[in-house]
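Take a look at the structure below.
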Protein chains: 2
Amino acid sequence: MPRATDTAYETLRRMILSGEAAAGSRLGEAELAETLGLSRTPVREALQRLGADGLVEVLPHRGARVVQWTGADLEEIFELRSLLEPYAAARAARLRPDEPVLAELRGMCAAMERAVADGDLARVAQLNARFHAAVIDASGNRRLPGMLTSVMHAPLIVGTFRRYGADAMARSMNHHRELVAAIAAGDPAWAESVMRAHIRAAAAGLGADQGNQTDEET
Amino acid sequence: MPRATDTAYETLRRMILSGEAAAGSRLGEAELAETLGLSRTPVREALQRLGADGLVEVLPHRGARVVQWTGADLEEIFELRSLLEPYAAARAARLRPDEPVLAELRGMCAAMERAVADGDLARVAQLNARFHAAVIDASGNRRLPGMLTSVMHAPLIVGTFRRYGADAMARSMNHHRELVAAIAAGDPAWAESVMRAHIRAAAAGLGADQGNQTDEET
DNA sequence: GGAGGGAAGATTGCATACAACAGTCCTGGA
DNA sequence: TCCAGGACTGTTGTATGCAATCTTCCCTCC
């Protein structure tokens with residue numbers, strides 16, 4: 001049986017990422033505790049973890065709110081991603097992961113392409129997050145995953161793929177395939193370039209490089 | 001009056017960074033609570049925050065321990081720093097901070113040089129951390145400070161400057177001065193290059209690029 | 001009519017008590 | 001002598017109650 005804190009954390013995380021807990025909405029400890037059937041203590045702990053992840057902001061004596069992403073936030077996030085993820089891809093290529101890892105990456109590519117064909121964008125987003133996480137793990141740098149969690153959440157919330165056209169979506173899937181090929185070939189420069197193109201394309205698709213405002217009032 | 005959680009967090013952070021709490025040592029909640037004159041609740045919360053910062057590792061049902069840095073850890077950390085901090089320096093130069101900010105940076109340079117002359121290495125380390133934090137803040141990216149906290153702690157703990165010779169120390173001080181000049185001149189490429197050199201020099205001084213092991217058993 | 005002050009309500013912060021789990025030590029058996 | 005099993009002890013995890021703080025609304029005064 002998992003710890004109550006973990007269940008609270010996972011549940012809240014899902015609620016936020018799925019949009020069930022709207023951006024900017026208040027997260028009262030007592031209310032959540034009652035909803036989840038727990039006491040305030042593990043809920044409080046989960047909220048702090050979510051705060052460290054950058055999914056909620058907790059203010060002293062004022063409770064927690066789901067974060068709101070502005071255009072400036074997205075711009076910052078994609079700049080950091082286009083800095084760190086190409087590095088991770090290059091490292092992964094240099095490390096030459098063994099065949100089971102590569103097979104898993106290819107499997108995720110295939111699953112994503114099926115989800116695209118089915119029009120299941122939520123599943124695409126989820127698989128995409130797992131794919132990128134796998135590449136980051138394959139980099140061998142054990143600090144990168146933790147560093148990137150905060151910036152990896154944003155696209156999930158904003159709903160990147162919802163804004164993609166058919167061509168952008170196809171390009172994104174091709175990037176994934178090419179990235180796996182570059183890593184399998186052990187070519188760091190290739191992997192790095194593909195990943196950078198992949199991130200920049202995503203940023204362009206969101207208009208994150210133009211400083212668009214997507215925030216709204218509570 | 002500050003919150004008990006904050007005092008616990010700050011106190012524990014100082015204890016870890018100063019070495020008073022040795023690397024690998026256990027941090028029992030009850031014991032700390034008694035020492036600090038608080039209850040377990042805020043101590044527990046502080047430990048989780050320190051865990052998110054990467055200063056301690058908390059294992060379920062097994063409590064918290066002060067992290068131990070291996071040579072591989074240092075290598076990872078300096079790679080990430082040499083990726084992110086040059087970017088921050090370039091952004092700061094592009095933003096052209098106003099004169100008060102530049103004056104503060106110059107003031108910290110001067111204070112550091114005085115501390116070096118006095119042989120007060122602890123003060124040098126503290127000022128150095130504040131200097132780098134100021135440059136990162138000047139980058140304008142509000143996510144960078146949080147991302148870098150975990151990797152900025154390591155050099156403080158390991159005691160970077162303790163291993164510096166006179167020439168390496170002088171070079172480091174010159175880097176700081178040159179970095180301020182590059183930012184003041186609004187030259188991103190210059191600022192980025194100086195910062196990269198600065199970080200690589202630090203890594204070389206620690207042997208972080210050679211995979212040395214500095215860990216030990218409890 | 002608008003601004004300032006204060007009281008009431010609600011919410012977070014902290015302390016304490018109890019429950020559950022992990023590690024250790026002892027005992028019994030092979 | 002060594003291994004296995006189980007109780008014991010100490011620690012963390014969770015629940016609950018109280019104190020402190022913030023927010024809101026209303027009343028008073030300008």
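The sequence lines fix the lettering, A, B, ..., with proteins before strands; numbering per chain opens at 1. The figures here come from the full heavy-atom set of this structure, side chains too, leaving out hydrogens, waters and symmetry mates.
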Does [X] have a side-chain nitrogen or oxygen under 4.0 Å from the phosphate oxygens OP1 or OP2 of [N]?
X	N	answer
R44(A)	dG13(C)	yes
T41(A)	dT14(D)	no
R40(A)	dA15(D)	no
R62(B)	dA22(C)	no

May I ask you to test the M112(B)-F131(B) pair for a side-chain heavy-atom distance under 4.5 Å?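 They are in contact (side-chain heavy atoms under 4.5 Å apart), so the answer is yes.
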
Please give, in whole Å, the distance from [N] [atom2] to [X] [atom1]?
X	N	atom1	atom2	result
E29(A)	dT21(D)	CD	C1'	13 Å
R65(B)	dA22(C)	CZ	C1'	13 Å
E34(A)	dA10(C)	CD	P	14 Å
L36(B)	dC14(C)	CG	P	13 Å
R49(A)	dG13(D)	CZ	P	11 Å
L59(A)	dT23(D)	CG	C1'	14 Å
D6(A)	dG13(D)	CG	P	10 Å
L38(B)	dA19(D)	CG	P	18 Å

State plainly whether the residues R114(B) and D120(B) are in salt-bridge range, i.e. N to O under 4.0 Å.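 Salt bridge between R114(B) and D120(B), a charged N being under 4.0 Å from a carboxylate O: no.
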
Starting the side chain at C-beta, find the nucleotide from dG13(C), dA15(C), dT16(D) nearest to S39(A).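 Nearest to the side chain of S39(A) among the choices is dT16(D).
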
Minimum-distance nucleotide to A4(A) side chain [options: dC14(C), dC22(D), dT14(D)]: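 Nucleotide nearest to A4(A)'s side chain: dT14(D).
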
Could you check whether any side-chain N or O of S25(A) sits under 3.5 Å from a backbone N or O of A21(A), counting only pairs where one atom can act as donor and the other as acceptor?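 Looks like no, no N/O pair under 3.5 Å.
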
If we ignore angles and hydrogens, is there a donor and acceptor under 3.5 Å between the side chains of E45(B) and Y9(B)?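 No, Y9(B) and E45(B) have no side-chain donor paired with an acceptor closer than 3.5 Å.
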
Using the closest heavy atom to pick a nucleotide of DNA chain D for each, name whichever of H61(A) or T5(A) lands nearer the 5' end.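 On the 5' side of the pair lies T5(A).
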
Just verifying a value: how many Å separate F161(B) CZ and L206(B) CG, rounded to the nearest 0.5 Å?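 Rounded to the nearest 0.5 Å, the CZ-CG separation comes to 9.5 Å.
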
